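A quick write-up on the structure given underneath.
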Amino acid sequence: MTRLAQTAGLNDIQREILSTVRDFVDKEIIPVATQLEHRDEYPTEIVEGLKELGLFGLMIPEEYGGLGESLLTYALCVEEIARGWMSVSGIINTHFIVAYMLKQHGTQEQKDTFLPRMALGEVRGAFSMSEPALGSDVSAISSKGVKEGDEYVLNGQKMWLTNGGTSTLVAVLARSDEGHPEGTAPHKSMTTFLVEKEPGFGEVRPGLTIPGKIDKMGYKGVDTTELIMDDLHIPANRVLGGTTGRGFYQMMDGVEVGRVNVAARGCGVAQRAFELGVSYAQQRHTFGKPIAQHQAIQFKLAEMATKVEAAHAMMVNAARKKDSGERNDLEAGMAKYLASEYCKEVVEDAFRIHGGYGFSKEYEIERLYREAPMLLIGEGTAEIQKMIIGRRLLEEYRFQG
């Protein structure tokens, strides 16, 4: 075994793509990631490099100018990118969720309009479900779209919008009571609206304001924002799929892709933490020998490596299940839950191996220690994943008494 988290059954194209991405990460991301992160600076040059590699069109079909690759290929690329700097993987994650939703649910006109430019990275995607008072209860969404003639007028405030400033196309989930009488189940009266905007902050189009970046503990560089809609007018042909009331299902389909992505990010960050821990353990000496020769450290390294392998295997399984066209909410939930929890534990163990130096900003592990917690809540908390897992298990193992 040359390194952890190898994936069996890849074809030559997949192996070539992953080799190219890993080389890019080693040369262009890892050397500058900590410096950019400490400055909370958007990685413009890195993003331009990803565009040149064609990664913004990785999963977009070839007929629209993309590479037409699988979710598995995408997840493995995300794993590599997160190994370099998790924030960069976040930049492409929301883009791909929107591209996936367009591919799966968009009208032909919507696909023709957006997917070719998204494949080139000219149109950059973001999606928005959460609201300030919402938390995990998506059914409590209060943002609303009201039809007026051949337009919809949107009002409301959204929260935790990744790529909020740099994106030019936002998929926004809001209520739309048109055709859905009072008493309709909340999830059946939601619609996904495709909102085009200019990049930047402030009023980015009439009725739409992106106030500014939210200052975060970690996950820096990428812009996380609010989104405020105040009588925002959009054409009726910007309802995803052309029909109202389907937004909840469209978003959940996209979130399944997002959960595989978060699992892949957890795997990548955990791999990097292991690399840092095992390297430092062989350089640092105590009591006359490298600390890697102390049994206590070897136990930690063994546990860390096992967790990296287990999380990677579950992530790959979830991606392959989605690629097969089968329902994968159980597998995606398990992978996201396990990978994010194991990531936190592996990073903490690497931090402990570094001792006092792990607390210094000069060492990369300090950055990882602040980044890992985001994965515990991104794309649904651990508690939400366990609810999904538990319900699906009860469906599969229904008591036949």
Side-chain angles (χ1 to χ4, degrees), residues 40 87 90-91 93-95 97-98 101 125-146 152-177 185-234 240 244 247-252 254-255 258-259 262 336 340 370-371 373-385 387-388:
D40 197 7
S87 293
I91 290 170
N93 177 41
T94 53
H95 176 83
I97 290 177
V98 177
M101 290 168 63
F127 80 107
S128 180
M129 287 193 299
S130 189
E131 297 182 358
L134 187 60
S136 299
D137 184 9
V138 179
S139 66
I141 279 177
S142 60
S143 297
K144 193 168 184 178
V146 177
Y152 280 87
V153 180
L154 275 59
N155 284 279
Q157 183 178 3
K158 310 298 283 186
M159 192 69 176
W160 305 119
L161 184 67
T162 301
N163 289 338
T166 50
S167 60
T168 54
L169 177 66
V170 185
V172 177
L173 187 64
R175 291 190 175 280
S176 58
D177 294 338
H187 63 280
K188 293 183 178 180
S189 61
M190 295 183 188
T191 297
T192 302
F193 296 94
L194 300 172
V195 178
E196 297 170 82
K197 71 175 188 66
E198 293 296 319
F201 300 97
E203 189 173 36
V204 292
R205 64 174 284 180
L208 181 64
T209 299
I210 306 293
K213 293 201 302 184
I214 298 169
D215 193 17
K216 309 181 296 289
M217 175 179 73
Y219 197 40
K220 294 179 180 290
V222 61
D223 45 293
T224 306
T225 74
E226 298 176 71
L227 180 147
I228 300 171
M229 300 175 291
D230 184 10
D231 287 341
L232 170 64
H233 290 253
I234 68 167
L240 181 61
T244 62
F248 179 83
Y249 304 102
Q250 294 163 346
M251 281 280 180
M252 290 303 105
V255 165
R259 285 176 179 151
V262 172
K336 191 273 175 186
S340 59
R370 289 183 289 103
E371 289 179 338
M374 196 286 292
L375 298 173
L376 299 172
I377 55 177
E379 314 294 27
T381 63
E383 290 73 23
I384 289 293
Q385 306 312 316
M387 286 175 59
I388 293 169

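These numbers come from a predicted model, not from an experiment. For this chain, numbers begin at 1 and follow the sequence in order.
Taking every heavy atom of both residues into account, G90 and Y219 meet most closely at CA-OH, 3.2 Å. For the pair V170 and S128, the tightest heavy-atom approach, listed with the atom from each and the gap, is CG1-CB, 4.2 Å. The two atoms that bring S340 and K336 nearest to each other are OG-O, 2.8 Å, heavy atoms only. Across K216 and V222, no two heavy atoms sit closer than the pair NZ-O, 3.3 Å. Between P132 and Q157, the closest heavy-atom pair is CD-O, 3.4 Å.
Side-chain contact between N155 and K144: absent, with no pair of heavy atoms (C-beta onward) separated by less than 4.5 Å. With a 4.5 Å cut-off on side-chain heavy atoms, K213 and F201 count as touching. Within the 4.5 Å cutoff, the side chain of Q385 has no heavy atoms near those of the E379 side chain. With contacts defined as side-chain heavy-atom distances shorter than 4.5 Å, the pair I234/M229 does not qualify. Inter-residue side-chain proximity for M129 and M252 is flagged as met; some heavy-atom pair is nearer than 4.5 Å. Taking the side chain as every heavy atom from C-beta outward, T209 and D230 never approach each other to under 4.5 Å. The shortest distance between side-chain heavy atoms of F127 and L173 does not fall below 4.5 Å. Residues K197 and L227 are not in side-chain contact: their nearest non-hydrogen atoms beyond the backbone lie 4.5 Å or more apart.
Qualifying ring pair (Phe, Tyr, Trp, His ring centres under 6.0 Å) partners for F248, counting only residues two or more places apart in sequence or in other chains: H187. Not counting sequence neighbours, the partners of A140 by the side-chain contact (heavy atoms from CB on, under 4.5 Å) test are L134, D137.
Within the structure, salt bridge (charged side-chain N to carboxylate O under 4.0 Å, His left out) contacts touching residues 127-136 (residues at least two apart or in different chains) are E131-K158.
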Report task. Verify side-chain contact (heavy atoms from CB on, under 4.5 Å) between Y152 and T244, making sure each step is shown before the conclusion. Result -> CA-CA 11 Å; Y152 280 87; T244 62; 3.3 Å; yes

